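Input: a single structure, listed below in structure tokens.
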Amino acid sequence: MVSPTNFLFLCFSAIILVGGITSVQALVHRFEVRRTFHTRLCTNKSMLTVNGQFPGPTIYARRGELVTVDIINLSEQNITIHWHGVRMPRYPWADGTNLVTMCPITPGNKFRQRMILSDEEGTLFWHAHSDWSRATVYGAIIILPPTPESYPFPKPHAQIPILLGLWWNAEIEEVYENFLAEGRDPAPVDAFLMNGQPGDLYPCSTQDTFRLKVEPRKTYLIRMVSGLMHFMVFFKIAGHNVTVVGMDGAYTKPLNTNHIAISPGQTIDFLLETNQAPSHYYMAYKIYTRSSDYVPSTAILEYAGNYTPPPSPVFPSFQEGWPSTSMHFETKLRSLADAKHPIAVPTNITEKLFFTLSINLWPCDADSCLESDRFLASINNVSMMIPETSILEAYYKGVRGVFTANFPDRPDRIFNFTYVTLQQSESHPRFATAVYMLDYNAEVEIVFQGTILGKGMDHPMHLHGYSVYLLGTGLGNFNEARDRPSLNLVDPPYMDTVNVPRFGWTVVRFKANNPGVWYMHCHYDRHQTWGMRMVFIVKDGDRPEEKMLPPPQDMPRCDMPGGEVTLGPRELAQLVS
């Protein structure tokens, strides 16, 4: 008799074997979510962390492996953990999206999540997906080639994760609550971080600045993760070009560049050649904004050797003011698209979707609101309401009244999206918990169209359960006759988070061959919280290997007791064991 747990493991093994990968290992990690104290900018505060680390621990695995993570909630808050960019074939139960694919892990409880790796290779990341906990609960996922395979570029001397993040002196829960109450943008960030440190341009930070020590004439693989919550940034290393070789867990054709443009939710792998005169050089990034009030985050690249370092490291040059647009970086990226790394761009489109992305207004008469209206956000003018129970569980069990299957495939109203400002009363969205149903193996194209509502801004759009082919992006309104002929169907990059430029459009495609419930949202957390989010439900196929797997036995329930916990030594030992 096969136990349910062993049955699930056999199912996972079958998935990996069907994908042509024969090396399967069960790696087990322990993530203890608890409050710990950390100091930056001379401010000491408590915050949620995993295993007391900020950023959290890095998960290393090889392509095709099954990674098991025990999430143990020793905090006073609900928590979920999302494996960002991991496609989780047929197993949305461990995707980790609060009240979309799971009920939260309540205080004093735990959940064993199984991260199923398939063909992802490169850098991804994990982060909390409940309220704004991901400001402090995040870390890297590094997926190596299976033995004895190697990289599609010369083996680097070493590989270094660099995680970008944010710091508020206030506790993130206070920032979040004030943001909701006031109806406008959140409080300004107090510092930008690299590997948890602001850099020596900030007060009280010189002694803790991240320093990358390198040897001359070597090649280093930098694995960059944007754990930022609100900003696209431009990253540079003084005096050095870099070569991009991967993005979002997929390899790219080598791209030599003097800067990196990266949005929240994206990861970029690039090679750094230490071919300059031995010295100290600043690594720095600046945010993509009109404002010049933000201080860049810095780290220091230190060459080994016998030399006198300069009084101050060389600083990279940045264009002042508003950069022209973010899209010029992503449009240079190309998939390898070779025999070892084939691509399959859908060409027989069965679902042609047109999604407008807008910042909306809604009247607010609460005393806490800073203005007479509050900001909201929408896709096709639908601002998504999160239900009180998991959409996935409701779909799986046939529970009615949790969601409706009528998300629109295009906006109700067509206007000049990037040039005409509507009246305030015309920018109100409608509220719904609506999903879009997809047949198994449907070939989907989405045209994301930014709008001028809310004065327009970039939107990094992330789809759970899938990566998508980025076919093209441009400014203005998408025009079929003008823009479709220029779409890249030959070697487009394969990404899990794509940027839609301010006053512009982006076109992506994917094949709906991963059954389940999959969340799509803007990875600017304020936009997601305001409602720029929706859900795809991909139906089962006809064959057994095309159907969603059953849930695990320890799946958290929305009626699971929780609340503020006080754990004594005996209770703590029992929970952690």
Side-chain angles (χ1 to χ4, degrees), residues 232 234 244-248 250-263 265-266 268 288 322-338 341-358 379-380 409-411 414-420 442-452 456-463 466-512 520 522:
M232 165 180 280
F234 292 87
V244 176
V245 293
M247 186 165 190
D248 288 1
Y251 294 120
T252 63
K253 290 183 172 70
L255 171 66
N256 187 266
T257 176
N258 67 357
H259 75 280
I260 298 292
I262 186 168
S263 289
Q266 293 182 330
I268 297 181
Y288 176 59
W322 183 272
S324 55
T325 179
S326 60
M327 70 182 188
H328 294 307
F329 185 82
E330 286 184 4
T331 54
K332 296 177 182 177
L333 297 174
R334 298 287 187 271
S335 289
L336 286 179
D338 56 24
H341 307 89
I343 63 171
V345 182
T347 55
N348 182 29
I349 303 303
T350 57
E351 295 281 353
K352 201 170 183 180
L353 309 178
F354 189 91
F355 284 177
T356 54
L357 310 176
S358 302
I379 303 175
N380 280 352
D409 61 358
R410 61 195 60 253
I414 303 298
F415 60 96
N416 194 339
F417 297 114
T418 57
Y419 293 99
V420 175
E443 299 195 5
V444 185
E445 177 183 278
I446 306 176
V447 176
F448 292 112
Q449 176 66 63
T451 75
I452 200 171
M457 54 189 66
D458 288 68
H459 300 291
M461 299 302 295
H462 171 52
L463 174 59
Y466 289 87
S467 285
V468 300
Y469 291 104
L470 173 61
L471 304 188
T473 185
L475 297 179
N477 299 321
F478 179 75
N479 182 286
E480 284 281 342
R482 179 195 65 207
D483 299 321
R484 187 164 293 281
S486 65
L487 298 181
N488 177 13
L489 301 178
V490 177
D491 57 357
Y494 195 46
M495 303 161 62
D496 62 62
T497 304
V498 299
N499 203 60
V500 182
R502 183 174 185 258
F503 303 148
W505 54 268
T506 293
V507 178
V508 303
R509 289 184 185 177
F510 67 96
K511 189 171 185 176
M520 188 177 76
C522 180

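Residue numbers run from 1 in the order of the sequence given. No experiment lies behind these values; they were computed from the predicted model shown.
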(message) Between Lys511 and Tyr466, is the side chain to side chain contact (heavy atoms under 4.5 Å, CB included) condition met? List the steps.
(response) CA-CA 9 Å; Lys511 189 171 185 176; Tyr466 289 87; over 6 Å; no

(message) Strictly distance-based, threshold 3.5 Å: is any side-chain N or O of Asn477 a donor or acceptor partner for the main-chain N or O of Asn416?
(response) no

(message) Tell me if a side-chain donor or acceptor on Gln449 pairs with a main-chain N or O of Trp505 at a distance below 3.5 Å.
(response) no

(request) Working to the nearest 0.5 Å, report the span between CG of Leu470 and CG of Asp248. (result) 10.0 Å

(request) Calculate, to the nearest 0.5 Å, the distance between atoms CG and OG1 belonging to Leu489 and Thr347 respectively. (result) 8.0 Å

(request) Tell me yes or no: between the side chains of Thr451 and Thr356, is some donor less than 3.5 Å from an acceptor? (result) no

(message) Can you tell me how far apart OH (Tyr419) and CD1 (Ile452) are? Round to the nearest 0.5 Å.
(response) 9.0 Å

(request) Tell me, with the steps shown, if Val507 and Ile446 meet side chain to side chain contact (heavy atoms under 4.5 Å, CB included). (result) CA-CA 6 Å; Val507 178; Ile446 306 176; over 6 Å; no

(request) Only counting residues at least two apart or in another chain, list the ones meeting side chain to side chain contact (heavy atoms under 4.5 Å, CB included) with Ile343. (result) Ser335, Ala337, Val345, Tyr469, Pro492

(request) Compare all side-chain heavy atoms of Ile260 with those of Val244 and state whether any distance is below 4.5 angstrom. (result) yes

(message) Tell me whether Lys352 is salt-bridged to Glu480, with the criterion being a basic N under 4.0 Å from an acidic carboxylate O.
(response) yes

(message) A side-chain contact here means heavy atoms from C-beta on lying under 4.5 Å apart; do Leu255 and Thr252 qualify?
(response) no

(request) Check whether any side-chain heavy atom of Ile349 lies under 4.5 Å from a side-chain heavy atom of Val444, and answer yes or no. (result) no

(request) Enter the distance from Asp496:CG to Met461:CE here, rounded to the nearest 0.5 Å. (result) 12.5 Å

(message) Can you tell me how far apart CG (Asn488) and CG (Leu333) are? Round to the nearest 0.5 Å.
(response) 11.0 Å

(request) Evaluate the criterion side chain to side chain contact (heavy atoms under 4.5 Å, CB included) for residue pair Ser467 and Met495; output intermediate values, then yes/no. (result) CA-CA 5 Å; Ser467 285; Met495 303 161 62; 6.0 Å; no

(message) Testing the basics here: between Gln266 and Thr497, what is the closest heavy-atom pair and its distance to 0.1 Å?
(response) NE2-O, 3.0 Å

(request) Could you tell me whether the side chain of Lys253 and the main chain of Leu336 form a donor-acceptor pair under 3.5 Å? (result) yes

(request) List the steps, then state whether salt bridge (charged side-chain N to carboxylate O under 4.0 Å, His left out) holds for Arg484 with Glu445. (result) CA-CA 12 Å; Arg484 187 164 293 281; Glu445 177 183 278; 2.7 Å; yes

(message) Between Phe448 and Val508, is there a side-chain heavy-atom distance shorter than 4.5 Å?
(response) yes

(message) Can you confirm whether Pro501 sits close enough to Thr506 that some side-chain heavy atom of one is under 4.5 Å from a side-chain heavy atom of the other?
(response) yes

(message) If I take atom OG from residue Ser263 and atom NE2 from residue His459, how far apart are they, to the nearest 0.5 angstrom?
(response) 11.5 Å

(request) Please lay out, stage by stage, how Asn499 and Phe329 fare under the test side chain to side chain contact (heavy atoms under 4.5 Å, CB included). (result) CA-CA 10 Å; Asn499 203 60; Phe329 185 82; over 6 Å; no

(message) Keeping Asn380 on the side-chain end and Phe354 on the backbone end, is there a donor-acceptor pair under 3.5 Å?
(response) yes

(message) Does any part of the side chain of Phe417, heavy atoms only, come nearer than 4.5 Å to the side chain of Ser358, both counted from C-beta?
(response) no

(message) Treating His259 as the side-chain partner and Thr257 as the backbone partner, does any N or O pair qualify as donor plus acceptor under 3.5 Å?
(response) no

(message) Minimum heavy-atom separation for Leu475 and Arg502, please, with both atom names.
(response) CD2-O, 3.8 Å

